[in-house]
Amino acid sequence: MRKSINELIEEIRKLKRELNAVILAHNYQPQEVQEIADFVGDSLELSIQAMSTDAKVILFAGVDFMAEQAKILNPEKIVLIPDKQARCHMANMLTVDQIRKFRERHPEVPLVLYVNSLAECKAYADYVCTSANAADVVKAIDAEVVALGPDANLAAYAEWRTGKRVLPVPECGHCYVHKLFRPDAVRELVDELRSRGENVVFIAHPECDMDVLKIADYVGSTSQMLKFVKNLPSNITVVYATEVDMGVRFRKERPDIKFVPANPWAYCIYMKQHTLEKIVRALREKRHVVELDHAVMKKAREAIIRTFELLGIVDKLPRR
Ligand code: SF4
């Protein structure tokens, strides 16, 4: 017989206590998963949280590269992912072979990898950025030409923000969800809301195409968007261009504000693989343990720490 949501939540709480486990969930997770998580955030926040936790087991409700990142930062801990099919489409667009070929052609160009990349690729990176700090990382590197992958849109955004030349690796890496926004459709939606007398701001994630970013009132990662909406007056309508379930976080922070997705079909199927049932099974059976090669973890961790040092945030992190 299927268990009720309350029974599943109770079982998750019990298993968490028994295992000394913590649940980290990304902002794009379905509402019920966000609600049972100990911490909900974007990739950077979750990385810092993963490094700060004293729990023995980390259950990661996110996609493959995020669970790998938690393992890289906590090699001695057990990291579980409730469903192995939760694989980021963008992260899987970059291979070690592509990086090797790029390095052969441009041996002098520093390589920044977006956190949305696989651990085996991060092991070849000089730095690892998130959407919150990609422009800061590119700016801080002592070079006028920098490479960034796998998201070509994030590379273009960093180039726009810093004025440096940023080469995308590979040339067309992208997030299929953030490709679903079109400037004409956004303008039409905003105009319609304004014609009804609504006071509209349009915010967008840097994984969107540049022609969408150029018409946004604010561009930022999901955590930066949250900070932005926290400071808005209540008579505002926010149109947002990122994964549709970010609306769950927005409405929780600001229940007094109206939030409208710029595209209600901007839905990441990979992020929605996790369910309460799968979380119970993963904790009960210690299913889907993230395993990584030690040498890969060591090199990827060095690239992450190097980035924290470049940004001057390493002192805020616990040493292991
Ligand atoms: S929203 Fe895009 S970048 Fe994020 S996990 Fe889904 S496919 Fe990957």
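Read the numbers this way: they start at 1 and go in the same order the structure lists the ligands and their atoms. In this chain, numbering begins with 1 at the start of the sequence shown.
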For N116, counting its heavy atoms only, list the atoms of ligand 1 lying under 4.0 Å from any of them.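 Result: 3 (S).
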
Need the ligand 1 atom indices (1-based, order shown) with element for anything under 4.0 Å from a heavy-atom of E207.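 Those qualifying, in numeric order: 3 (S).
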
Residue portion contacting ligand 1 (non-hydrogen atoms closer than 4.0 Å) for E243: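 The answer is neither; E243 stays 4.0 Å or more away.
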
Are [X] and [Y] ion-paired here, with the side-chain N under 4.0 Å from a carboxylate O?
X: E302; Y: K298; value: yes
X: K14; Y: E18; value: yes
X: K84; Y: D64; value: no

N, O or S atom of C88 closer to atom 8 (Fe) of ligand 1 than 2.8 Å: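 Under 2.8 Å: C88 contacts atom 8 (Fe) of ligand 1 through an N, O or S atom.
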
Using a cut-off of strictly less than 2.8 Å, determine whether C268 has an N/O/S atom near atom 6 (Fe) of ligand 1.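 A backbone or side-chain N, O or S atom of C268 is under 2.8 Å from atom 6 (Fe) of ligand 1.
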
Would you mind checking which non-hydrogen protein atom is closest to atom 2 (Fe) of ligand 1, with the distance to 0.1 Å?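 Nearest protein contact, heavy atoms only, for atom 2 (Fe) of ligand 1 is C175 SG, 2.3 Å.
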
Can you report which non-hydrogen protein atom sits closest to atom 4 (Fe) of ligand 1, along with the distance?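 Result: Y28 CE1, 4.1 Å.
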
List the steps, then state whether side-chain contact (heavy atoms from CB on, under 4.5 Å) holds for W160 with L213. CA-CA 10 Å; W160 183 40; L213 300 186; 4.2 Å; yes

Per the side chain to side chain contact (heavy atoms under 4.5 Å, CB included) rule, which among K214, R182, H178 passes with D209?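 Testing D209 for a side chain to side chain contact (heavy atoms under 4.5 Å, CB included) against K214, R182, H178 leaves exactly one candidate, R182.
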
Measuring only between side-chain heavy atoms, which start at C-beta, is P170 closer than 4.5 Å to L94?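 P170 vs L94: side chains touch.
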
